[in-house]
There are 2 protein chains.
Amino acid sequence: MKTPAIFYHAGCPVCVEAERQIADALDPARYEVEHVHLGEQSGRIAAAEAAGVKSVPALVIGGAAFHINFGAPMSALKG
Amino acid sequence: MKTPAIFYHAGCPVCVEAERQIADALDPARYEVEHVHLGEQSGRIAAAEAAGVKSVPALVIGGAAFHINFGAPMSALKG
């Protein structure tokens, strides 16, 4: 069974680069990567924060949050 | 030809987790990942900084530096 990984982003330039170079670089044989745009899917912000996400872009794998560089804080994504 | 990727770390707990969950998760069919412990290989600090690395753990892929969470600043690795 593949390990689920969630890439949280907000469409920012830093997010796009992290998506292209890190999220899309994960081994597709081992990881099932879901891409979530928190600016468009605000209903998923709570789950992201519960997983430890404090800024985007971030990748949640195996229950741990990995912030990749810094695009925007979660507070900027909340209406 | 595989894309070279360099994972810079310093053996810290944050580094070890990033190594296990991100660096080791890259697709081995597309990426050739080299692991560099900057605490033990200080001669490689200059090249890491030139690539844009400001803290460890960090992954340099395609000429861009991606800082993954925060373990230690580069200044802490210089004797």
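Throughout, protein chains are lettered first and strands after them, A, B, ... in sequence-line order, and every chain is numbered starting at 1.
- Transitive grouping of hydrophobic side chains (ILVMFWY, heavy atoms separated by less than 4.5 Å) brings I45(A) and V56(A) into a common cluster.
- Tracing side-chain contacts under 4.5 Å through hydrophobic residues (I, L, V, M, F, W, Y), one never reaches V53(A) starting from F70(A); they form parts of separate clusters.
- By the 4.5 Å heavy-atom criterion applied to side chains, I22(B) and L59(A) are counted as neighbours.
- Follow the hydrophobic side-chain contacts under 4.5 Å out from L38(A) and you reach I6(A) in the same cluster.
- Between F66(B) and E17(A), the closest side-chain pair of non-hydrogen atoms falls below 4.5 Å.
- Contact between R30(A) and P28(B) at its shortest, heavy atoms only, is NH2-CD, 4.1 Å.
- Using a 4.5 Å cut-off between heavy atoms, Y31(A) contacts chain B through its side chain alone, with no backbone atom that close.
- In this structure, the side chain of N69(B) engages the main chain of A65(A) through a donor-acceptor pair within 3.5 Å.
- When the side chains of ILVMFWY residues are joined at heavy-atom separations under 4.5 Å, either directly or via intervening members, I68(B) and F7(A) end up in a single hydrophobic cluster.
- The number of heavy-atom neighbours closer than 6.0 Å to NZ of K54(B), taken from other residues, nucleotides and ligands shown, is 12 or below.
- Side-chain contact between D27(A) and L26(B): absent, with no pair of heavy atoms (C-beta onward) separated by less than 4.5 Å.
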